[in-house]
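To find a chain, count down the sequence lines: A is the first, B the second, and so on, and within it residues start at 1.
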There are 2 protein chains.
Amino acid sequence: MNAGRTARDRARAEVAQEIKDEARRHLVTEGAHGLSLRAVSRSLGVASSALYRYFPSRDDLLTALIIDAYDAMGAAAEHADSEIRKGRGKSADSTGEAEPRDRWLAVCRAVRTWAVNHRHEYELIYGSPVPGYEAPKDTVAPATRVPLLLTAIATAGKVEDSSIGHGLRSQLSSVIGMNSIDLPPGALARVMVAWTQLFGVISFELFGQLVGSADPADDFFDFSAAAMADFVGL
Amino acid sequence: MNAGRTARDRARAEVAQEIKDEARRHLVTEGAHGLSLRAVSRSLGVASSALYRYFPSRDDLLTALIIDAYDAMGAAAEHADSEIRKGRGKSADSTGEAEPRDRWLAVCRAVRTWAVNHRHEYELIYGSPVPGYEAPKDTVAPATRVPLLLTAIATAGKVEDSSIGHGLRSQLSSVIGMNSIDLPPGALARVMVAWTQLFGVISFELFGQLVGSADPADDFFDFSAAAMADFVGL
DNA sequence: TCACAAACGAGAGCACTGCTCTCGCGGATA
DNA sequence: TATCCGCGAGAGCAGTGCTCTCGTTTGTGA
């Protein structure tokens, strides 16, 4: 704490937090499209111009919300994993470590649950990029929490390798190097397929693409999560 | 032709088409977020209020564009399939019918190519639902073209069945009945997993979720399409 | 062929938006 | 203690979606 300097800075951070909280509240009622700085300022009982002392533009506010959303989703996923590792989750082996497959399924379910309970924040991060372009640098780190967790679980489960082409192999080798992943490129490729599938179902469910077929999507989601666990070899 | 009545109606349809075309042109430069009725009307050299004679609101214009986009993507997919069935696509058996697996891969590639070449239209249909809620009735029919085509290919390939739970089975049985699908529910479930994965990768590629790992995504896309073809048993 | 009604485009106007700029106030800093 | 700098208020600009009114055009039914 207090690593920064003055008390003024702390007040400033606190106000910025209040702005984000109020904006998040508006998000659930209006959606990202209808989030208005002026409406937020009105709710806060403050002049609209005051907000610009804290966020240079509406897109910057959205970017801050995006980062928070990535972090919240990552935290939810990691929490679910650690719970099941402690044996509190269902179908964990009470005598020892949880099976990687159970961890995998628990994380998938946790991600979906978070998405369903925070649909507008999910839209913010996995829907169309609303601003011109999100600032890439600030968002990548929090965005990797879920895929990195899935990769870690896959590593614990010794997932099966795949033969992959030269180009993909070199791309993934670099990813493996940068993130200290202990998985052959072919196995990482399979994890990534499962990862994209996971967010594919969730997006389809939330964005209404499943209405004519598998909606409500609980059963289909469970089926697909299990199918992808099989696919990666857990 | 002329199934409707008057010449006035035809003129009206023509103007509506011009508005949509101009709006689509704005879409590629500004994106869905920045599409402005007034800007479109200015490009058309017309008062902004005139557009409201043709589309009751901005969201209605967007809905019209959404329907067109679904249709264009469906047409692209169907075109790719019929090309390869005629033996013009690559790796088709020159002596007979194209293999279902080749048809499957061709359709996946065609969908991705269309999405890359029409990224803003893709965002419109597979990104966050921008309007309050899209009118479901008008959009479902065109939206089913791609999944129905994938299902047809899977039927030709006799994909493997899966055992699925009771709830999902009854949901999918109803889908099978309504669309005259000749596939057991467990097989349809696998196709749907592949379907969600397909749009998961494409969305990740277009929305920048792959930047740190598999971007450019050509090789990863081919890998995942092949993997899902394996998964459904083609 | 003609009169009428319906459809049309123009323009003004309303309420709203993001964003900028200037102005005083007041607490933290030197 | 004197000063400076961060702060919020308020006015204002350009732009938006949308509505309403008002002449004009135009197709159509008699």
Engineer: Listing request: all salt bridge (Lys or Arg N to Asp or Glu O under 4.0 Å) pairs with a residue in residues 25-39 of chain B, at least two apart in sequence or in separate chains.
Structural biologist: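 Every salt bridge (Lys or Arg N to Asp or Glu O under 4.0 Å) pair that includes a residue of residues 25-39 of chain B, provided the two are not neighbours, is B/E22-B/R25.
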
Engineer: How many whole angstroms separate atom CZ of B/R53 from atom P of D/dT25?
Structural biologist: 15 Å

Engineer: Who are the salt bridge (charged side-chain N to carboxylate O under 4.0 Å, His left out) partners of A/R58, not counting sequence neighbours?
Structural biologist: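 So A/R58 forms no salt bridge (charged side-chain N to carboxylate O under 4.0 Å, His left out) with any residue.
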
Engineer: Please name all residues satisfying side chain to side chain donor-acceptor pair (under 3.5 Å) with A/Q209, sequence neighbours left out, ordered by chain then number.
Structural biologist: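 Checked A/Q209 against side chain to side chain donor-acceptor pair (under 3.5 Å); matches are B/Y70.
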
Engineer: Atom CZ of A/R12 and atom C1' of D/dG8: how far apart are they, to the nearest Å?
Structural biologist: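 In whole Å, D/dG8 C1' lies 13 Å from A/R12 CZ.
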
Engineer: Counting the atoms with a prime plus P, OP1 and OP2 as sugar-phosphate, which does A/L35 contact under 4.0 Å by heavy atoms, base, sugar-phosphate, or nothing?
Structural biologist: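 Sugar-phosphate, backbone atoms only, no base.
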
Engineer: If you look at every strand shown and take non-hydrogen atoms under 4.0 Å, does A/Y54 touch a base, only sugar-phosphate, or nothing?
Structural biologist: sugar-phosphate

Engineer: Starting at atom CG of B/D59, determine the distance to atom C1' of D/dG17, rounded to an integer number of angstrom.
Structural biologist: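 Atom-to-atom, B/D59 to D/dG17, this comes out as 10 Å.
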
Engineer: Taking five pairs at each end of the helix from C/dT1-D/dA30 to C/dA30-D/dT1, what angle separates the two helix axes (nearest 10°)?
Structural biologist: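 Helix axis angle between the two ends: 10°.
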
Engineer: At their closest point, which heavy atom of A/V146 faces which heavy atom of A/A77, and how far apart are they?
Structural biologist: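 Taking A/V146 first and A/A77 second, the nearest heavy atoms are CG2-CB, 4.1 Å.
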
Engineer: How would you list all residue pairs meeting salt bridge (Lys or Arg N to Asp or Glu O under 4.0 Å) that involve residues 188-208 of chain A, not counting sequence neighbours?
Structural biologist: A/R112-A/E205

Engineer: Could you walk me through whether B/E14 and B/R10 pass the salt bridge (charged side-chain N to carboxylate O under 4.0 Å, His left out) test, one step at a time?
Structural biologist: CA-CA 6 Å; B/E14 221 165 90; B/R10 305 211 318 177; over 6 Å; no

Engineer: Is there side-chain contact between A/R145 and A/L148, with at least one heavy-atom pair below 4.5 Å?
Structural biologist: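 Result no, sub-4.5 Å side-chain heavy-atom pair not found.
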
Engineer: Quick one: salt bridge (Lys or Arg N to Asp or Glu O under 4.0 Å) pairs with a partner in residues 39-52 of chain A, sequence neighbours left out?
Structural biologist: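 Every candidate salt bridge (Lys or Arg N to Asp or Glu O under 4.0 Å) pair involving residues 39-52 of chain A fails, so no pair, neighbours aside, qualifies.
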
Engineer: Would you please name every residue forming a side-chain contact (heavy atoms from CB on, under 4.5 Å) with A/A80, sequence neighbours left out?
Structural biologist: A/A110

Engineer: Reading DNA chain C 5' to 3', which nucleotide is the first, and which the last, to come under 4.0 Å of any heavy atom in chain B?
Structural biologist: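 Going 5' to 3' along DNA chain C, contacts run C/dA7 to C/dG13.
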
Engineer: Using whole Å, what does the distance between atom P of nucleotide D/dG15 and atom CZ of A/R58 come to?
Structural biologist: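 Those two atoms, CZ and P, are 18 Å apart.
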
Engineer: Heavy atom of residues 19-28 of chain A under 4.0 Å from DNA chain C: which residues?
Structural biologist: none

Engineer: For B/H118, which residues count as a ring-ring contact (aromatic ring centres under 6.0 Å, His included) partner, sequence neighbours excluded?
Structural biologist: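 Applying ring-ring contact (aromatic ring centres under 6.0 Å, His included) to B/H118 gives B/W114.
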
Engineer: Sequence neighbours excluded and cut-off under 3.5 Å, please list the side-chain donor-acceptor pairs for residues 191-204 of chain B, or say none.
Structural biologist:
from   : atom 1 : to     : atom 2 : distance (Å)
B/T196 : OG1    : A/Q197 : NE2    : 2.8
B/T196 : OG1    : B/M192 : O      : 3.2
B/T196 : OG1    : B/V193 : O      : 2.7
B/Q197 : NE2    : A/T196 : OG1    : 2.8
B/S203 : OG     : B/Y122 : OH     : 2.9
B/S203 : OG     : B/F199 : O      : 2.8

Engineer: Go through it in stages, so that I can follow the logic: the residues are B/D68 and B/R24, the test is salt bridge (charged side-chain N to carboxylate O under 4.0 Å, His left out), and I'd like the CA-CA distance, side-chain angles, deciding distance and then a yes or no.
Structural biologist: CA-CA 10 Å; B/D68 286 0; B/R24 228 184 318 267; 3.5 Å; yes

Engineer: Expected output is a numbered-order residue list: members of residues 36-47 of chain A with a heavy atom under 4.0 Å from any atom of DNA chain D. What is it?
Structural biologist: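 Correct list: A/R38, A/V46, A/A47.
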
Engineer: I'd like to check B/S41 versus B/V46 (side-chain heavy atoms, cut-off strictly below 4.5 Å). Are they in contact?
Structural biologist: yes

